[in-house]
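Read through the structure below, which is laid out as structure tokens, and then see the notes.
In each ligand, atom 1 is the first atom listed, and ligand 1 is the first ligand listed.
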Amino acid sequence: MVKILMVCLGNICRSPLAHGILESKLPSDKFYVDSAGTANYHVGDSPDHRSVAVAKSHGIDISMQRGRQFKVSDFNDFDYIFTMDDSNFQNVIALARDTKDIAKVKPILEMDNQSNFSYVPDPYYGDMSDFEEVYSVLNQACEALSQQLQNVAQ
Ligand code: 4NP
């Protein structure tokens with residue numbers, strides 16, 4: 001099983017979408033996908049209703065996900081850790097114990113060389129159009145990522 005963790009700040013807007021989108025593109029017998037936030041603000045919470053709605057409009061149900069905080073043992077439990085923006089990246093790297101941990105962490109948009117974005121913008125203080133934009137950025141990145149992951153897992 002290849003294990004992938006999506007990380008943002010709150011684990012209610014961006015990483016739940018990345019989690020649901022990537023999971024929908026990969027066979028569940030070979031890949032396990034999860035998400036977490038670097039902060040503890042929303043532990044136990046459902047994803048933001050706007051992320052739930054935008055995912056649902058694209059045929060993906062993320063309503064059963066619950067917020068959790070990133071923890072050091074995630075470096076043991078996951079093969080790949082993808083961050084949404086530079087702040088998430090720095091916060092995860094700050095918890096790394098060694099170069100093996102650091103090597104697992106990558107900004108998700110580094111996996112998509114066609115992206116017009118350098119990081120996934122935080123839509124929390126935005127409106128539905130910001131959530132649509134995040135969905136589109138993540139869908140394209142997860143499509144590229146799923147192809148790369150399926151190549152290495154073969
Ligand atoms: P996320 O968005 O990191 O994409 O889940 C946020 C969610 C909550 C907060 C900030 C960003 N907050 O400050 O509570």
Side-chain angles (χ1 to χ4, degrees), residues 2-26 31-97 101-146 148-149:
V2 179
K3 296 183 170 180
I4 302 118
L5 183 66
M6 299 295 190
V7 178
C8 63
L9 173 61
N11 191 210
I12 55 166
C13 297
R14 292 165 292 176
S15 60
L17 276 174
H19 171 175
I21 294 167
L22 186 66
E23 201 168 55
S24 77
K25 296 179 188 292
L26 291 171
F31 295 91
Y32 173 75
V33 187
D34 193 13
S35 61
T38 56
N40 64 359
Y41 316 141
H42 296 285
V43 172
D45 291 357
S46 297
D48 188 286
H49 65 95
R50 297 163 296 178
S51 283
V52 173
V54 80
K56 192 176 174 197
S57 76
H58 292 276
I60 296 173
D61 182 9
I62 62 166
S63 63
M64 78 302 284
Q65 293 184 28
R66 292 295 176 269
R68 75 168 180 88
Q69 189 173 20
F70 180 84
K71 50 188 192 286
V72 172
S73 60
D74 287 324
F75 287 116
N76 302 338
D77 296 339
F78 289 88
D79 303 296
Y80 300 96
I81 298 167
F82 293 109
T83 53
M84 302 294 125
D85 64 28
D86 193 52
S87 160
N88 315 145
F89 182 81
Q90 298 299 339
N91 287 332
V92 171
I93 290 289
L95 296 172
R97 299 155 299 185
D101 287 353
I102 291 172
K104 293 186 175 186
V105 191
K106 280 206 173 9
I108 188 168
L109 296 187
E110 269 190 20
M111 310 310 292
D112 177 10
N113 56 23
Q114 305 289 320
S115 188
N116 295 321
F117 287 74
S118 54
Y119 63 91
V120 185
D122 184 350
Y124 187 60
Y125 293 105
D127 59 22
M128 273 315 287
S129 69
D130 298 293
F131 280 80
E132 269 295 346
E133 180 174 70
V134 165
Y135 184 91
S136 162
V137 169
L138 286 174
N139 189 47
Q140 184 181 307
C142 288
E143 187 58 39
L145 179 55
S146 78
Q148 293 167 67
L149 287 167

*Contact summary for I12 and S46, nearest pair of heavy atoms*: CG2-O, 3.6 Å

*Can you spot which of K3, R68, K104 makes a side-chain hydrogen bond (donor to acceptor under 3.5 Å, both in side chains) with D74?*
R68

*Tell me, with the steps shown, if V105 and F75 meet side-chain contact (heavy atoms from CB on, under 4.5 Å).*
CA-CA 9 Å; V105 191; F75 287 116; 3.8 Å; yes

*To the nearest 0.5 angstrom, please state how far the CZ atom of R14 sits from the CE atom of M6.*
13.0 Å

_What does the 4.0 Å heavy-atom contact list look like for ligand 1?_
C8, L9, G10, N11, I12, C13, R14, Y41, H42, D122, Y124

*Go through the structure and list residues passing side-chain contact (heavy atoms from CB on, under 4.5 Å) with K106, not counting sequence neighbours.*
F82, E110, M111

*How far apart are the closest heavy atoms of L95 and F70, and which atoms are they?*
CD1-CD2, 3.7 Å

